[in-house]
Amino acid sequence: VPRKKKMAALRLGLRLGRQLPSLRTSVRALADEAQGAVSLKLTFAAPGSSFYNNVDVHMVDAPTSTGVMGILPQHVPTLAVLVPGTVSVFEKEGAEAKKFFVSSGALTINADSSLQILAEEAAPLANLDAQVINSNLDQARSDQAKARNERETEEARINVECHEAMLEALK
């Protein structure tokens with residue numbers, strides 16, 4: 001490649017880097033504001049239910065659109081979309097997890113090692129009944145087969161997905 005073309009490409013790259021800082025390379029790291037934090041401040045709620053309100057916990061595992069996310073103190077600040085699955089809360093290091101099923105929602109990890117989980121629907125796994133879930137799953141599959149339009153098909157698909165995730169959570 002001729003020297004003029006290389007220099008033109010370099011100048012363009014430098015201009016873009018100044019104009020679009022988001023194109024610059026970033027590095028994942030611990031949250032600076034949380035240096036030395038030994039616990040997460042967890043707030044976890046759904047409409048009509050509050051499971052944790054600014055409570056110190058050791059670790060949380062949450063199902064997100066990019067996979068299950070393990071969250072410890074000093075985690076890099078993050079926003080994530082929850083998908084149907086199990087949220088596991090480890091209140092103390094080495095303790096058994098308290099498990100909850102979530103249908104969907106949002107997760108926010110802040111620089112100060114606080115974590116908010118806001119679910120559309122959530123319930124402790126201990127409150128789920130496999131027989132009821134199987135019955136509802138059969139109904140959801142029937143609704144999916146009988147769907148008359150795109151909206152009904154999508155609603156039934158989501159219902160099936162949630163019930164299948166509930167059964168998986170109970171295994």
Side-chain angles (χ1 to χ4, degrees), residues 28-145 147 151-171:
R28 285 185 57 153
L30 297 176
D32 291 335
E33 293 176 32
Q35 291 298 333
V38 294
S39 65
L40 288 169
K41 291 280 190 187
L42 174 62
T43 299
F44 176 21
S49 303
S50 179
F51 303 106
Y52 291 87
N53 186 7
N54 205 32
V55 175
D56 286 332
V57 299
H58 173 67
M59 180 179 157
V60 176
D61 289 335
T64 71
S65 58
T66 58
V68 175
M69 182 181 290
I71 305 157
L72 289 163
Q74 301 180 33
H75 194 287
V76 65
T78 305
L79 295 173
V81 174
L82 294 173
V83 297
T86 303
V87 170
S88 300
V89 178
F90 299 86
E91 293 179 348
K92 304 245 184 264
E93 188 172 358
E96 191 165 325
K98 291 190 177 178
K99 296 186 177 195
F100 303 85
F101 180 81
V102 295
S103 63
S104 61
L107 172 150
T108 306
I109 305 168
N110 301 296
D112 64 355
S113 272
S114 63
L115 167 63
Q116 291 78 41
I117 298 175
L118 304 174
E120 288 288 324
E121 297 177 282
L125 283 188
N127 293 1
L128 300 181
D129 182 330
Q131 286 183 321
V132 171
I133 294 167
N134 274 314
S135 174
N136 290 344
L137 178 57
D138 290 342
Q139 182 61 49
R141 287 180 174 147
S142 174
D143 292 346
Q144 190 174 25
R151 180 183 174 135
E152 288 179 4
T153 301
E154 188 61 17
E155 287 174 352
R157 185 197 62 76
I158 291 168
N159 202 1
V160 167
E161 179 183 336
C162 278
H163 283 86
E164 287 174 344
M166 279 188 247
L167 287 175
E168 185 63 32
L170 290 176
K171 288 184 181 178

Open item on the list: Under the criterion side chain to side chain donor-acceptor pair (under 3.5 Å), I'd like the reasoning laid out for Asp143 against Gln139: C-alpha separation, chi angles, the key distance, then a yes or no.
Closed with: CA-CA 6 Å; Asp143 292 346; Gln139 182 61 49; 2.8 Å; yes
- [ ] Determine, step by step, whether Glu91 and Tyr52 satisfy the side chain to side chain donor-acceptor pair (under 3.5 Å) criterion, reporting the C-alpha distance in whole Å, the side-chain angles of both residues, the deciding distance to 0.1 Å, and the verdict.
- [x] CA-CA 11 Å; Glu91 293 179 348; Tyr52 291 87; 2.7 Å; yes
Open item on the list: Walk me through whether Gln144 and Asn159 qualify under side chain to side chain donor-acceptor pair (under 3.5 Å).
Closed with: CA-CA 9 Å; Gln144 190 174 25; Asn159 202 1; over 6 Å; no
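With Asn110 contributing its side chain and Asp112 its backbone, the two residues share no donor-acceptor pair below 3.5 Å. Using a distance-only test at 3.5 Å, with no hydrogens or angles considered, no donor-acceptor pair links the side chain of His75 to the main chain of Ile71. Side chain of Ser103 to backbone of Glu121: a donor-acceptor contact under 3.5 angstrom is found. Judged purely by atom type and a 3.5 angstrom limit, Ser113 has no side-chain atom pairing as donor or acceptor with the backbone of Pro73.
Lys99 pairs by the side chain to side chain contact (heavy atoms under 4.5 Å, CB included) definition with Thr86, Ser88, Ala97, Leu125, not counting sequence neighbours. Annotation: ring pair (Phe, Tyr, Trp, His ring centres under 6.0 Å) contacts of Phe51 (sequence neighbours excluded): Phe44, Phe100.
Proximity of Ile109 to Val76: side-chain heavy atoms (C-beta onward) are nowhere separated by under 4.5 Å.
Looking at Arg151 and Glu154, no side-chain N of the basic residue comes within less than 4.0 Å of a carboxylate O on the acidic one, giving no salt bridge. Between Glu152 and Arg157 no salt bridge is recorded (no basic side-chain N to carboxylate O distance below 4.0 Å).
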